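Everything numeric in this text was worked out from a predicted model, so none of it was measured.
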Amino acid sequence: MEQGHYVALPYSAHYLMIAWVAGPGRVFRVPSSFENRVVRVTRPGSGPQASPVVEHIPFEEDDQRDIDDGINHGLGLVGIPPIPSPFDWYVRVPLSIADSKQLKDAFVSKNREDSDSGVLRAVRKIYGDLFDAPD
């Protein structure tokens, strides 16, 4: 059995592409909810010297749908079907990768592709190489 642990994935098309490539044996998800979440909105104050006005508004189902639509569009560009929502996603990584920031750094430093199909090929190779590299 390969050594590793799971890290939480930020909810974006790029990270969910990594989850898709990793496959069901290296990924799990847990239900997430938009209930009790808020969005911070900053608006300009009125008048020349006014401070910005900060509001916290409820995060709603339409907000989640808009995010999901954007993510599924990005995944669809590389041939990945829409993902179920809302979930928090976790992917298995080698022990040398502590968190999602280090995972992102590992991919960004090696992925120079700009075509949709090239990006998916690069993600497959980079994820596979993570487990082939010595810790």
Worksheet item: With distance as the sole test, does Asn72 use its side chain to make a donor-acceptor pair with the main-chain N or O of Ile83 at under 3.5 Å?
Response: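 Yes, because the side chain of Asn72 sits within donor-acceptor range (under 3.5 Å) of the backbone of Ile83.
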Discussion item. The test is side chain to side chain contact (heavy atoms under 4.5 Å, CB included); show your working for Leu130 and Phe107 and say whether it passes.
Written reply: CA-CA 10 Å; Leu130 289 176; Phe107 277 81; 4.0 Å; yes
Practice prompt. Could you note down all residue pairs passing ring-ring contact (aromatic ring centres under 6.0 Å, His included) where residues 68-96 supplies at least one of them, sequence neighbours left out?
Written response: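 Those involving residues 68-96 are Phe28-Tyr90.
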Evaluate the side-chain proximity of [Y] to [X]: yes if any heavy-atom separation is below 4.5 Å, no if none is.
X: Val53; Y: Thr42; value: no
X: Met17; Y: Tyr127; value: no
X: Glu60; Y: Arg37; value: no
X: Val21; Y: Ile126; value: no
X: Val119; Y: Leu77; value: no
X: Val91; Y: Leu103; value: yes
X: Ile18; Y: Val27; value: no
X: Arg43; Y: Glu55; value: yes

Worksheet item: Leu16 and Ile80: side chain to side chain contact (heavy atoms under 4.5 Å, CB included), yes or no, with the steps?
Response: CA-CA 10 Å; Leu16 291 172; Ile80 296 174; over 6 Å; no
How long is the gap from [atom1] on [X] to [atom2] on [Y], to the nearest 0.5 Å?
X: Ser85; Y: Asp68; atom1: OG; atom2: CG; result: 3.0 Å
X: Lys104; Y: Ser12; atom1: NZ; atom2: OG; result: 8.5 Å
X: Ile71; Y: Asp66; atom1: CD1; atom2: CG; result: 11.5 Å
X: His5; Y: Asp99; atom1: NE2; atom2: CG; result: 8.5 Å

For residues [X] and [Y], report the shortest heavy-atom separation together with the two atoms involved.
X: Val7; Y: Ile97; result: CG1-O, 4.4 Å
X: Ala13; Y: Leu75; result: O-CD2, 3.4 Å
X: Trp20; Y: Pro81; result: CH2-CD, 3.5 Å
X: Ala8; Y: Ser100; result: O-CB, 3.3 Å

Worksheet entry | Qualifying residues under salt bridge (charged side-chain N to carboxylate O under 4.0 Å, His left out), relative to Arg65, sequence neighbours excluded |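 Listed in chain order: Glu61, Asp62.
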Practice prompt. Would you check, one step at a time, whether the test side chain to side chain contact (heavy atoms under 4.5 Å, CB included) holds for Asp88 with Arg29?
Written response: CA-CA 5 Å; Asp88 292 328; Arg29 65 184 189 197; over 6 Å; no
Discussion item. Test of understanding: clusters of I, L, V, M, F, W, Y form through side-chain heavy atoms closer than 4.5 Å, transitively. Do Tyr6 and Val30 belong to the same one?
Written reply: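 Yes, Tyr6 connects to Val30 through the hydrophobic network.
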Fill in: ring-ring contact (aromatic ring centres under 6.0 Å, His included) against Tyr11, all qualifying residues, sequence neighbours excluded
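Here no residue qualifies.
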Item to complete: Please report the C-alpha distance between Ile67 and Phe59 in whole Å, then the side-chain angles of each, then the deciding distance to 0.1 Å, and finally whether the side chain to side chain contact (heavy atoms under 4.5 Å, CB included) criterion is met.
Response: CA-CA 11 Å; Ile67 293 168; Phe59 184 88; 3.8 Å; yes
